[in-house]
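This one's a predicted model, so the numbers in the text were calculated from it and none came from an experiment. Note on naming: letters A, B, ... go to the chains in the order of the sequence lines (proteins, then strands), and numbering restarts at 1 for each one.
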Amino acid sequence: MQKFEKLTGLVVPIDRPNIDTDAIIPKQYLKSIKRTGFGPNLFDTWRYLDPGEPGMDHGKRRPNPDFILNQPRYRGAQILLARDNFGCGSSREHAPWALLDYGIRAIIAPSYADIFYNNSFKNGLLPVVLPRDAVDRLFRETTAAPGYRLTVDLPAQTVTTPDGTVFAFDIDAFRKHCVLHGLDDIGLTLEHVNEIRAYEARRKREAPWLFT
Amino acid sequence: MAAKTLYDKLWEAHVVRDNPDGTALLYIDRHLVHEVTSAQAFEGLKLAGRKPWRVGANVATADHNVPTTDRRAGIADPVARLQVETLDQNCRDFGIVEFGMSDPLQGIVHVIGPELGATLPGTTVVCGDSHTSTHGAFAALAFGIGTSEVEHVLATQCLIAKKVKNMRVRVDGPIPPGVTAKDIVLAIIGRIGTAGGTGYAIEFAGSAIEALSLEGRMTVCNMSIEAGARSGMIAVDEKTIEYFRGRRSAPKGDLWDEAATAWRELRSDPDAKFDKEVALNAREIKPQVTWGTSPEMVAPIDAVVPDPEKESDPTKRIGMRNALQYMALAPGTPIRDIALDKIFIGSCTNSRIEDLRAAAAVVKGKRVAKTIKLALVVPGSGTVKRQAEQEGLDRIFMEAGFEWREPGCSMCLGMNADHLQPGERCASTSNRNFEGRQGAGGRTHLVSPAMAAAAAIAGRFVDIRELR
């Protein structure tokens, strides 16, 4: 997993609530058995005017000039600004894979769907939660100022605007620790092998019908 | 001792260790596996030189990506074929039980789990699929996970999780004729919103929920995730226990009695406290139809498409405008005037035998409207399909002009060849009406099986209460 510590990056705002994982990465790309290569198909149906299928040369498709990610001023964006309930819908981890593969390293939104939120941390994509009024302000500032960049500082748990305004955010201690150090949590869990075995032995006594 | 909710009890029974940071290591009893979210997890396992912790806790099937037409020719799409073959190979490599594409017991993972008795009351059930909440109908703690967590469960039989809050949704009163579990859950989502359950485990309770069959309860729990809740659940009653009697992997003999006794404890204490309570009156629920691109955008059949300009919240207003534009619907249009192009009866929400019976009862002796380009019935499993064929439901559907297909997820998400063309409008018994969900540019209206069947006959939505 990629580590996330501190990032100053260009911000792209997508101003709609409830952006679902079908929009983030449509189903036809879920046939892949790899974790990489999803970037060209991030927001595929919004991003291109013509339909896409796996295996196409997506560089030759017609981009939708109205879609914000295609506007030259947002090229190279690393921070995605979004509205409530970002990532709702399916459990596909292809959604954070696609965002990362495109180059997004952090998202700022007032709220996320639970499974997406969880999946993001497992891949070093940082989903930052800020209050609605702060997000409103960031939307206004991003839209008004081409080249608008924010600094996301995970150790300090802050987002800093170009004029020096600082917004603090909350994050679970365990998730922060794993993302900061790029830790494999399977390895961490396997440090408790004896406890898992002890639990399992007890479970087998209490609910033997689950072990037949 | 403090009174506990069902969720509290299920959680506590599975804690391997409480971590000092507020998370817990949670033991997973059952892991359901399908082709779309597992390949990368198995690859990770292999690369790290790890093996599944407890092979017997896993059950696999191919469902998302399989054709629903004749399977003897295999899968035409080479990318899809590789994914399904990769699941077969991984299951062979690790000794995991798989109901592969040509197995008579194959089906949608959330249909076959309970059907086989792999899902049992009191278990933790996870799967790399958000509709894993379905299994909560059996008083199980069941939730969807991503591929990293699929790998974690394979390797450790555990997940690192944090306890969420408790919500209870009570639905009381008699269920009116023509109103089904699907209408109840759509009405709930309409009330609390698509993120109303985020951060909660929902327990569905009340006399209307108790009156539902286990299949109806699965429909309700299935769509918990559409209200934002990773898990939904319902207390055990005698119907729950009877559901499992004689099922393939259910306990037998003395173990059955022992299990049934334990299962009867799986209910919230009478004085348990919930962080949030919501109540609906079943009497007031009508057949529901979604009109927008989020399951919360739902209205009763006798309503009209709402006007975004009357919405006071500016973000919601924009969302509604976008949705109506995508759906090509004008505010004020009566729902029953909406004409359809395609009909889909299937998915982990509504593809079980009772769903097919309800649809067939509406269809019997009638013809699909000439304006309908395709009407599909996709049973949830091989078992459901055979049962339906024994009852003659397949003939009822085919004589009416429906296509009778092989089991799988099919046009719920359109990963296989079953999908909408741009601009096509579908009455669907599935769970998501997101933009492009059933095919790029496709327009989805979520309804119950009976409502979808009636729409197929009329070519537009009708109030099934008037057919009776």
**Student:** Counting heavy-atom pairs closer than 4.5 Å to chain A, which one of B:T198, B:N19, B:L120 comes out on top?
**Tutor:** B:T198

**Student:** What part of B:E35 is in contact with chain A, defined as an atom under 4.5 angstrom from a non-hydrogen atom: side chain, backbone, both or neither?
**Tutor:** neither

**Student:** Check whether the ring centres of A:F86 and A:F116 lie less than 6.0 Å apart, and answer yes or no.
**Tutor:** yes

**Student:** Under a 3.5 Å cutoff, is there a donor and acceptor pairing between the side chains of B:R432 and B:T293?
**Tutor:** no

**Student:** Given a strict heavy-atom distance threshold of 4.5 Å, which part of A:H94 is in contact with chain B: side chain, backbone, both, or neither?
**Tutor:** side chain

**Student:** Chain A heavy atoms under 4.5 Å from B:T23: which part of the residue, side chain, backbone, both or neither?
**Tutor:** side chain

**Student:** With a cut-off of under 6.0 Å to the ring centre and 45° to the axis, is B:R230 in cation-pi contact with B:F143?
**Tutor:** no

**Student:** If the threshold is 4.0 Å, N to carboxylate O, is there a salt bridge linking B:E151 and A:R35?
**Tutor:** yes

**Student:** Can you confirm if the NZ or CZ of A:R83 lies within 45° of the ring axis of A:F139 and under 6.0 Å from the centre of its six-membered ring?
**Tutor:** yes

**Student:** Quick one: salt bridge (charged side-chain N to carboxylate O under 4.0 Å, His left out) partners of A:E53, sequence neighbours excluded?
**Tutor:** none

**Student:** Taking all non-hydrogen atoms of both residues into account, name the closest pair between B:P295 and B:F434 and its distance.
**Tutor:** CD-CE2, 3.9 Å

**Student:** Which residue out of A:K31, A:R202, A:R92 racks up the most heavy-atom pairs below 4.5 Å with chain B?
**Tutor:** A:K31

**Student:** Go through the atoms of B:A262 and report whether side chain, backbone, both or neither lie under 4.5 Å from a heavy atom of chain A.
**Tutor:** side chain

**Student:** Could you tell me which portion of A:N123 (side chain, backbone, both or neither) has an atom closer than 4.5 angstrom to a non-hydrogen atom of chain B?
**Tutor:** side chain

**Student:** Could you verify whether a donor N or O on one side chain and an acceptor N or O on the other, from B:W53 and A:E200, lie under 3.5 Å apart?
**Tutor:** yes

**Student:** Please check if any side-chain donor atom of A:N85 sits under 3.5 Å from a side-chain acceptor atom of A:S111, or the reverse.
**Tutor:** no

**Student:** Please determine, by modelled atom types, if A:Y29 and A:D44 share a side-chain donor-acceptor pair under 3.5 angstrom.
**Tutor:** yes

**Student:** Quick one: do A:L126 and A:I107 satisfy side chain to side chain contact (heavy atoms under 4.5 Å, CB included)? Show the steps, please.
**Tutor:** CA-CA 6 Å; A:L126 186 67; A:I107 310 171; over 6 Å; no

**Student:** Flag the one option from B:K162, B:R54, B:E296, B:K316 with the top tally of heavy-atom pairs under 4.5 Å to chain A.
**Tutor:** B:R54

**Student:** Heavy-atom cut-off 4.5 Å, strictly under: side chain, backbone, both or neither for B:S148 against chain A?
**Tutor:** both

**Student:** Looking only at heavy atoms and a cut-off of under 4.5 Å, which of A:E206, A:R203, A:K122 has the most pairs with chain B?
**Tutor:** A:R203

**Student:** Just so I understand: if I count every heavy-atom pair under 4.5 Å between each of B:G414, B:S294, B:A440, B:C127 and chain A, which residue has the most?
**Tutor:** B:G414

**Student:** Under 4.5 Å heavy-atom distance to chain A, tell me which part of B:R437 shows up: side chain, backbone, both or neither.
**Tutor:** both

**Student:** Considering only heavy atoms and a distance below 4.5 Å, find which of A:Y117, A:Y112, A:W46 pairs most often with chain B.
**Tutor:** A:W46

**Student:** Specify which of B:T37, B:V84, B:D129 makes the most heavy-atom pairs with chain A at under 4.5 Å.
**Tutor:** B:D129

**Student:** Counting heavy-atom pairs closer than 4.5 Å to chain A, which one of B:E226, B:E258, B:Q157 comes out on top?
**Tutor:** B:E258

**Student:** Measure distances from B:I225 to the heavy atoms of chain A and classify the residue's part below 4.5 Å as side chain, backbone, both or neither.
**Tutor:** side chain

**Student:** Measuring heavy-atom distances to chain A, does B:W256 have an atom under 4.5 Å in its side chain, in its backbone, in both, or in neither?
**Tutor:** neither

**Student:** Output the option from A:S32, A:A173, A:P54, A:P26 having the highest count of non-hydrogen pairs under 4.5 Å with chain B.
**Tutor:** A:S32

**Student:** Sort out for me which of A:T212, A:N119, A:T45, A:L210 touches chain B most, counting heavy-atom pairs under 4.5 Å.
**Tutor:** A:L210

**Student:** Using a cut-off of under 4.5 Å on heavy-atom pairs, state which of A:D22, A:L190, A:I186 scores highest against chain B.
**Tutor:** A:I186

**Student:** Counting only heavy atoms closer than 4.5 Å, note whether B:N431 contacts chain A via side chain, backbone, both or neither.
**Tutor:** neither

**Student:** With a 4.5 angstrom heavy-atom cut-off, is it the side chain or the backbone of B:N416 that approaches chain A, or both, or neither?
**Tutor:** neither

**Student:** Is the shortest side-chain N to carboxylate O distance from A:D114 to B:K165 below 4.0 Å?
**Tutor:** no

**Student:** In terms of heavy-atom proximity below 4.5 Å to chain A, should B:V15 be classed as side chain, backbone, both, or neither?
**Tutor:** backbone

**Student:** Rounded at 0.5 Å granularity, tell me how far OH in A:Y48 sits from CE in A:M56.
**Tutor:** 10.0 Å

**Student:** Of all of B:G22, B:G146, B:A57, which one pairs up most often with chain A through heavy atoms under 4.5 Å apart?
**Tutor:** B:G146

**Student:** Would A:V11 and A:Y148 count as a side chain to side chain contact (heavy atoms under 4.5 Å, CB included) here? Give the steps.
**Tutor:** CA-CA 6 Å; A:V11 184; A:Y148 186 85; 4.1 Å; yes

**Student:** Could you look at B:H14 and say if it's the side chain, the backbone, both or neither that has a heavy atom under 4.5 Å from chain A?
**Tutor:** both

**Student:** Please assess B:H152 against B:L159 for the test side chain to side chain contact (heavy atoms under 4.5 Å, CB included), listing each intermediate value before the final yes or no.
**Tutor:** CA-CA 7 Å; B:H152 197 121; B:L159 280 175; 4.2 Å; yes

